[in-house]
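Down below is the structure, laid out as structure tokens.
Everything numeric in this text was worked out from a predicted model, so none of it was measured. Along the sequence shown, residues carry numbers from 1. Hydrogens, waters and symmetry mates play no part in the numbers below; they use all other heavy atoms, side chains included.
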Amino acid sequence: MLYLLARNQEGSSSIGLDRSRPKVDAGYTMVVFLVGFVASFFVGGLLESAIGAKAFPVHDSRSLAMLPVLLAGGLVAGPVEEIVVLGYLVRRLEQLGVRPGWVVVIGTAVRVSYHLYYGPGVIPIVIWGAVSILIYQRIRRLAPFIVVHSLWDVSLFLGAAVSWWVVGAEVLVLLPLSVVAYVLWHPRAPTWPSPTGWGTR
């Protein structure tokens, strides 16, 4: 995807993935974590319980022998999914003139399509897919989504294999850092990359 952006003389900055605003990215990390992942999976879990559905087992993360593979997969999933399904897809749909609401619908459908093997466990993914696009359309920064996605996957695998305290530790670490960064460096008048026209930066 980054190659395709470069080929069209756009660069990774066109999808909000660059080093120009690291403090802003840090400030948005906790927003994405709480409003995006935690809220989405909490509400999704409530919906699963309400309809009596259970997610299909997809990983044997209780096996320590499988843990390194799962952790590596979790670290890779963040950059790959968020660059392709969030940053790149949203930008291209906007450039094609797709309305914001339909961008959310299409982007969510694409993300859900490769998680269908979760069975009813895909419900939180549906919510996360929609919420992540709505947040991204507002902040236009991709790094917070990549960081949070990777940390979330890693914490889930560690929690199942070792102890669920790692998820709590993740919140305790991210919360003060992100809140301080957000308060200190939140942009007053942000300028977003133009979604229209090929070759814009």
Side-chain angles (χ1 to χ4, degrees), residues 1-2 4 15-17 28-63 66-94 98 100-139 141-162 164 166-167 170-171 174:
M1 296 300 112
L2 297 179
L4 293 176
I15 61 173
L17 184 61
Y28 281 133
T29 299
M30 200 62 201
V31 176
V32 172
F33 181 71
L34 290 178
V35 179
F37 268 83
V38 174
S40 297
F41 282 83
F42 177 75
V43 173
L46 291 179
L47 290 176
E48 287 181 37
S49 299
I51 64 176
K54 292 185 178 180
F56 296 164
V58 293
H59 300 297
D60 186 12
S61 52
R62 294 170 297 177
S63 171
M66 283 295 297
L67 189 57
V69 176
L70 294 174
L71 292 180
L75 290 173
V76 170
V80 172
E81 286 192 37
E82 302 311 325
I83 289 174
V84 175
V85 182
L86 187 56
Y88 187 83
L89 179 61
V90 168
R91 177 152 178 90
R92 289 296 181 249
L93 290 173
E94 289 175 339
V98 178
W102 280 108
V103 170
V104 175
V105 172
I106 295 170
T108 301
V110 171
R111 189 184 292 268
V112 168
S113 68
Y114 56 87
H115 286 101
L116 290 176
Y117 64 97
Y118 284 15
V122 80
I123 294 175
I125 304 295
V126 175
I127 300 173
W128 161 243
V131 171
S132 65
I133 295 174
L134 291 171
I135 296 175
Y136 178 72
Q137 287 173 328
R138 177 71 182 97
I139 69 174
R141 300 300 299 169
L142 198 59
F145 295 91
I146 293 174
V147 170
V148 170
H149 189 150
S150 293
L151 287 177
W152 180 263
D153 283 1
V154 167
S155 68
L156 288 182
F157 295 143
L158 284 175
V162 184
W164 284 107
V166 295
V167 180
E170 181 178 344
V171 175
L174 285 178

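Taking both residues in full, the closest heavy atoms of W102 and V98 are given as CB-CG1, 3.6 Å, listed atom of the first, atom of the second, then distance.
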Verdict with reasoning, W152 to F33, per side-chain contact (heavy atoms from CB on, under 4.5 Å)
CA-CA 9 Å; W152 180 263; F33 181 71; 3.7 Å; yes
Mind running side-chain contact (heavy atoms from CB on, under 4.5 Å) on I133 and L86 for me, showing each step along the way?
CA-CA 7 Å; I133 295 174; L86 187 56; 3.8 Å; yes
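The CD atom of E81 lies 7.0 Å from the CG atom of D153; values are rounded to the nearest 0.5 Å. We find the CD1-CD distance between I135 and Q137 to be 10.5 Å, quoted to the nearest 0.5 Å. Interatomic distance, CD1 of I146 versus CD1 of I83, reported as 4.5 Å (0.5 Å rounding). Here the CG-OG1 distance, from L34 to T29, works out to 11.0 Å after rounding to the nearest 0.5 Å. Annotation: the span from I15 atom CD1 to R141 atom CZ amounts to 10.0 Å, rounded to 0.5 Å. How far CD1 of I123 is from CZ of F41: 12.0 Å, rounded to the nearest 0.5 Å.
The side-chain heavy atoms of F145 and V85, taken from C-beta on, include no pair separated by under 4.5 Å. Taking the side chain as every heavy atom from C-beta outward, E48 and P124 approach each other to under 4.5 Å. At least one side-chain heavy atom of R111 sits less than 4.5 Å from a side-chain heavy atom of S132.
In this structure a side-chain-to-backbone donor-acceptor pair under 3.5 Å is missing from Y118 to V112.
Legend: residues meeting side chain to side chain contact (heavy atoms under 4.5 Å, CB included) with S40, ordered by chain and number and at least two apart, are I127, W128, V131.
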